Amino acid sequence: MRSSRSVALSGVVLVTLSLLSCSHEAVVSDIYYGVSNYSFPEDFIFGVSTAAFQIEGAWNEGGKGESIWDTYVHEHPEYTPDKSNGDIAADSYHKFKEDVQLIKALGVKYYRLSISWPRLLPNGTSNNISTDGARYYRNLFEELLKANITPIVTLFHWDMPTPFMDLGGWNNPVIVDYFVDYARVAFNLYGDIIKTWTTINEPHQHCYQGYGADYFAPAIKSHGVGEYLCAHYLILSHAKAYHLYEKEFKPHQKGKVGITLDAFMGIPKDPRNFQDVLAVRSYLQIHFDLYAHPIFSAEGDYPTFVRQRINNMSLAQGFARSRLPYFTAEEVKIIRGSSDFFGLNHYTTYLMSPSEMEFSWSIPSMDHDAQVRMEQDPHWEKPGTDWLSVYPEGFRKLLNYVSDNYGREIPIIVTENGVGDKGQLKDYDRISYFNKYLYQLLLAIHEDNCNIIGYFAWTLMDDFEWSDGYFRSCLSTSVSLEQTSFAIAREIQKNSNSYLVLLH
Ligand code: FCB
């Protein structure tokens, strides 16, 4: 799943968002979608998201060390369809002031971005802090604040320093302490002005695609073992960084720390078929609750269903022990409740039904453990990306799933949502997507009482979309990337005038 990703999700539709954030009276509507009288709460957070590797470029400047993505795409230029890499990307390292102006022009007041671990700590370890790297983020954060934009900072958006990968990355338990060291440096350097942190972006995509499979760097391809080890030490790293902040920084810095999880929503292929209903449960528990339950549930630890399923499968497959490691009682305790908010990334929904084996699965693997066949309804719109069909109702269902399972006290921040395109300049598909998904979010707030406090659109500008490179942006070189992206933004502002009228 998501093996062929093409998401050139530029921030242009933030025209819609900016309108909403400027006027809380604004309502979301769509010609195809009817009109809603619901509005966003007064203090609702609207923002845009990016990630360091996808936009910064300057891969070897200012003493920056290599990340696994630098190393991987340099060693395997054929990995992306356009043979591209992140060497220049959107050149945000040099053009961050322009980024800030763009965000300002969009009218949103929040910007979610990530720090590149090897830019700050070239070898990954805290004994060597890059002066240039440290200065870059300081300047960027200050520039944002000057423009009245609040930065929300992610510590890890997939770009692990390569020297740690050589030691096994997240599969090596020692990584936990090194991640905490890195978090300490970041809290020390920026905690005076950064008040909202997320530790890790989408552990599921990172571990499933990069450790279980080879769709993403580091491309370990250790199906059924690697992704669980990765999940395990990554969850622990998150929790320890959370407690470091609680103990040493929160008392005087008074900020918040959370984690961002991702989920595709599932709906039963045939809603009348109970087996399909069970397939959805199995998928969500294995791919989502595996991460959410230890952190956000009242009892903590991996969900019982997941524990039993993987233990049984491992046993039947002749393993000497479960492929899913165990937390100690002490670890369960420190992980439980280790997030001040629920960061949630969501893009699409799949129809689900049971399956014992599919052609693309390995044994063992997370897919085989879940035993769920996934497909999308051919009638659902697919504006650009193979894996991303538009099914807005799935978003509301997911928000309810989170609220029902993890309570309504924990605030949800949608830290990413968006859609890819085919590189066209007219942005109606994206406008329609945001409009429909935001409408579902309003329903979740007003009709379902979900505690959603923020929404970040992916993404501010065209970027390096991992295994898709810049392909779908129809841009020939990364140098022209930013300009073209801005051009689209201007074009859309013109085009969307008529659309904006619909919002009132
Ligand atoms: C998410 C990633 C983000 C971007 C979007 C399209 O899974 O967090 O970096 O690639 O998908």
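Order of appearance sets the numbers: ligands from 1, and atoms from 1 within every ligand. Given the structure is predicted, the values throughout are model-derived calculations rather than measurements.
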Judging by distance only, is a nitrogen or oxygen of [X] under 3.5 angstrom from one on ligand 1?
X      : result
Trp158 : no
Gln205 : no
Trp458 : no

Single hit among Phe456, Phe40, Phe434, Tyr111 for ring pair (Phe, Tyr, Trp, His ring centres under 6.0 Å) with Phe46: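 With Phe46 as partner, Phe456, Phe40, Phe434, Tyr111 yield a single ring pair (Phe, Tyr, Trp, His ring centres under 6.0 Å), made by Phe40.
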With no hydrogens and no angle check, do the side chains of Tyr406 and Asp289 hold a donor and an acceptor under 3.5 Å apart?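 Asp289 and Tyr406 do have a side-chain donor-acceptor pair below 3.5 Å.
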Say whether Thr260 and Glu202, considering side chains only, have a donor N or O and an acceptor N or O under 3.5 Å apart.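 No, no side-chain donor-acceptor pair sits under 3.5 Å.
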With heavy-atom distances below 4.0 Å as the criterion, list the atoms of ligand 1 near [X].
X      : result
Gln54  : 3 (C), 4 (C), 9 (O), 10 (O)
His157 : 2 (C), 3 (C), 8 (O), 9 (O)
Trp466 : 3 (C), 4 (C), 9 (O), 10 (O)

Using a strict 4.0 Å threshold on nitrogen-to-oxygen distance, state whether Lys64 and Glu56 make a salt bridge.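 A salt bridge is absent here (no side-chain N lies under 4.0 Å from a carboxylate O).
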So for Asn201, does at least one of its heavy atoms come nearer than 4.0 angstrom to any atom of ligand 1?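 In this structure, Asn201 qualifies as a contact of ligand 1 - some heavy atom is under 4.0 Å.
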Rounded distance (nearest 0.5 Å) linking atom CZ of Phe53 with atom OG of Ser67: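 Separation between the atoms: 5.0 Å.
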Of the non-hydrogen atoms in Leu261 and Phe288, which two are nearest, and what is the gap between them?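 Closest pair (atom of Leu261, atom of Phe288, distance): CB-CE1, 3.9 Å.
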